[in-house]
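The shown structure was predicted, so the numbers you read here are calculated from the model rather than taken from an experiment. One-based numbering, in listed order, for ligands and for the atoms of each.
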Amino acid sequence: MNPLTERLAAICGAEYVSDKLVDRICHTRDCGPTPGGIPAVIARPRTTEQVSAIVAAANEFKTPIFIWGRSSTFIGHGIREGCILMGLDLMNAVEKMDFDSQIVTVQTGAIWHAVDVELNKRGWELAVPGSGGMFVCTVGGSVAYNSVPHGLAEYGMTGDNVVALEVVLPSGEVIYTGSAANRAAAGLAFERNANGPDLAGLFIGSCGVYGIITRVTYRIRQKPETERFAFYSFDSLDAAVDAAQALQRRRVPTHLVQVYAGQKPLGVEGEAFLHIVIRDGKAAAEERLAAAHSICSAFNGLRLDEKATERYWVHHMYSWLRNTPPEVYYSDRPYTCPEATAFIPTQRVKDAMRYLKEYEAEHAEEFARHGIRIKAYDVYYSRNAAFIWIDTLFPELDAEAWRYGVKMRADYSEYLWSRYGSPGGILAPLAEHIMPKLGGGYDLMKALKQTLDPNGILNPGILGLNDGNGNGRNVHEQ
Ligand SMILES: Cc1cc2nc3c(=O)[nH]c(=O)nc-3n(C[C@H](O)[C@H](O)[C@H](O)COP(=O)(O)OP(=O)(O)OC[C@H]3O[C@@H](n4cnc5c(N)ncnc54)[C@H](O)[C@@H]3O)c2cc1C
């Protein structure tokens, strides 16, 4: 055993540390197409104290840490060759359900859906149901990434519903945010906007560059009385976007998804489709549903069978968006998804979708040659804007198609980000390209990184924050 592995084994217990090649190779990438480096060792702590001790060891050995929730993102991890990979899957306890303060406190590695199931047994639920990856992704990883959850149109982003965090800083020190920061209150986490600036906000969406989230206190609510659904097709994209905006203005939907391009719902005509989910008390839901029908009709929407929307919502499966079986996309060979995404103003959805169609037409020959498939250009509407999700799939095992897919992702991202778009999760391989567009904001992020993490210990391959000395680079890009 080398001295680093030995130290980690002393902290976590030998059975929770591995430097076997097979384990290391299995921890080199997320769900996206870009692999990272191979870590030197995997360590799986079970307590905050162990996390803190690992961070202290990493500083001493000058070896960076990569934080691994369940690695279900598509951002291309930027795992540094030879790093310590800290797997947080064992820190998965649901510690406290507090129905008086309407919060739940969990260890960071708890899986969204597993937490929701515990709450559901008591008639409660998490303030957001989680992202499409809810069955695999961790609460801490989703907060660190600020994932785009179901129910975005009413409930907001994952980070909006955080009440308090416990975080291990790059120095190894443990801090608490919001009301929990006041230790005289015995760490009572019931209010985020307390004790000065919103420190939780610093860690939300920062993908672990400023600290390791070890505990999350999250909002919960009583399950609403009912869920109602509507599904509409529109002859034109513009009409669908205008209808979506009218629905946003009236605060009608809990969840509003537009489907455009790719496989159409079976047996259905139209250019663009809206799935509308409403969750509320019975009378209020009825009123909101009536408003949905009247708005969609005013934009010449054609009412379709809402069972497709209900199936999608209940099963949380992307194929249900279209009411088509998943085999259409995945039956013959493994496909991967470049996941180019961006927030854009609602009306800009029209230009962005046209650009994607033009891109498809201009590159028809390459698409055919590389077997590229368009699963969809989906739009998840928030309260006042839109989140675009470009699912253009390419065959994963074909090296040329892979290279083409990664270039396609860069083209899409360049188009969106150089005009009006802002990425949700920042793709590690594209960070160097996007972050400098942020100007002074980026300078501040770098200064904070330098101050909090002078040794570049935590996730140095992410957000391009350590690029000044070439350290932020993913090994495959150097
Ligand atoms: C089928 C499927 C559907 C999906 N649908 C969606 C969707 O609808 N919306 C969406 O936004 N995403 C979606 N995703 C992507 C992904 O599931 C989510 O973004 C999820 O939130 C990531 O959680 P994770 O635990 O896997 O995090 P990871 O991928 O492990 O980590 C995410 C980032 O945060 C860092 N990190 C992880 N844990 C911590 C921690 N405790 N403290 C500090 N930093 C940490 C990691 O280093 C990494 O940079 C989907 C994924 C799948 C597989």
Requested in this report: Kindly check if the number of other-residue, nucleotide or ligand heavy atoms within 6.0 Å of CZ (R348) is above 12?
Outcome: no

Query raised in the report: Which residue from Y210, W112, Y145 reaches closest to atom 19 (O) of ligand 1 through any of its heavy atoms?
Result: Y145

Query raised in the report: Should the pair R228-E306 be classified as a salt bridge under the 4.0 Å nitrogen-to-oxygen rule?
Result: no

Requested in this report: For I212, counting its heavy atoms only, list the atoms of ligand 1 lying under 4.0 Å from any of them.
Outcome: 42 (N), 43 (C)

Requested in this report: Please determine if W68 has a nitrogen or oxygen closer than 3.5 Å to a nitrogen or oxygen of ligand 1.
Outcome: no

Query raised in the report: Looking at ligand 1, does any of its N/O atoms fall within less than 3.5 Å of an N/O of A144?
Result: no

Query raised in the report: Is there a nitrogen or oxygen of I213 sitting under 3.5 Å from a nitrogen or oxygen of ligand 1?
Result: yes

Report task. Run the contact test for F135 against ligand 1 with a 4.0 Å cut-off on heavy atoms, strictly below, and give the result. Result -> no

Query raised in the report: Between E396 and R29, is a salt bridge (Lys or Arg N to Asp or Glu O under 4.0 Å) present by the stated rule, with each step listed?
Result: CA-CA 13 Å; E396 166 149 52; R29 63 181 284 194; 2.9 Å; yes

Query raised in the report: Any cation-pi pair here, R221 with Y155, using under 6.0 Å and within 45°?
Result: yes

Query raised in the report: Below 3.5 angstrom, do we get any N/O pair linking F66 and ligand 1?
Result: no

Query raised in the report: Can you check whether S131 reaches V148 side chain to side chain, under 4.5 Å on heavy atoms?
Result: no

Requested in this report: Flag the pair R279 and E125 as a salt bridge only when some basic side-chain nitrogen lies within less than 4.0 angstrom of an acidic carboxylate oxygen.
Outcome: yes

Please tabulate, one pair per line, all N/O donor-acceptor pairs under 3.5 Å involving side-chain atoms of residues 61-68, not counting sequence neighbours.
{"unit_1": "T63", "atom_1": "OG1", "unit_2": "F61", "atom_2": "O", "d": "3.0"}

Query raised in the report: Does an N or O anywhere in T73 fall below 3.5 Å from an N or O of ligand 1?
Result: yes

Query raised in the report: Is ligand 1 less than 4.0 angstrom away from at least one heavy atom of F203?
Result: no

Requested in this report: Would you mind checking if R24 and D19 are paired as a salt bridge, meaning a charged N to carboxylate O distance below 4.0 Å?
Outcome: no

**Report entry** Part of T214 with heavy atoms under 4.0 Å of ligand 1, whether side chain, backbone, both or neither
**Finding:** neither

Query raised in the report: Is there side-chain contact between Y260 and L237, with at least one heavy-atom pair below 4.5 Å?
Result: yes

Query raised in the report: Counting heavy atoms only, which part of V148 comes closer than 4.0 Å to ligand 1: side chain, backbone, both or neither?
Result: both

Report summary line: Nearest non-hydrogen contact to atom 27 (O) of ligand 1 from the set G141, G208, G32, G205 belongs to G141

Query - Whether S206 lies under 4.0 Å from ligand 1, heavy atom - result: no

**Report entry** Any side-chain heavy-atom pair of R409 and P33 under 4.5 Å
**Finding:** yes

Query raised in the report: Hey, looking at atom 46 (C) of ligand 1, which of I67, D378, V167 has the closest heavy atom?
Result: I67

Report summary line: Under 4.0 Å from one or more heavy atoms of G211, ligand 1 contributes atoms 43 (C)

Query raised in the report: Polar-atom distance check: W389 versus ligand 1, any N or O pair below 3.5 Å?
Result: no

Requested in this report: Give a yes/no on ligand 1: does D30 have at least one heavy atom closer than 4.0 angstrom to it?
Outcome: no

Query raised in the report: Got an N/O contact under 3.5 Å between G69 and ligand 1?
Result: yes

Query raised in the report: Does the side chain of T73 pick up a donor-acceptor pair with the side chain of D30 at under 3.5 Å?
Result: yes

Query raised in the report: Hey, are the side chains of T254 and I276 touching, using non-hydrogen atoms and a 4.5 Å cut-off?
Result: no

Query raised in the report: Going by the atom numbers of ligand 1, which of them fall below 4.0 Å from some non-hydrogen atom of L88?
Result: 40 (C), 41 (N)

Query raised in the report: Are any of the N/O atoms in S142 less than 3.5 Å from those in ligand 1?
Result: yes

Query raised in the report: To which of C31, G132, P149 does the heavy atom nearest atom 3 (C) of ligand 1 belong?
Result: G132

Query - Option with minimal heavy-atom separation from atom 20 (C) of ligand 1, where the choices are C207, G87, C137 - result: C137

Query raised in the report: Quick one: which ligand 1 atoms are inside 4.0 Å of a heavy atom on S71?
Result: 26 (O), 28 (P), 29 (O), 30 (O)

Query raised in the report: Can you find a heavy atom in the side chain of V379 that is under 4.5 Å from one in the side chain of I344?
Result: no

Requested in this report: Tell me, with the steps shown, if R44 and D89 meet salt bridge (Lys or Arg N to Asp or Glu O under 4.0 Å).
Outcome: CA-CA 7 Å; R44 296 162 72 207; D89 58 310; 2.7 Å; yes

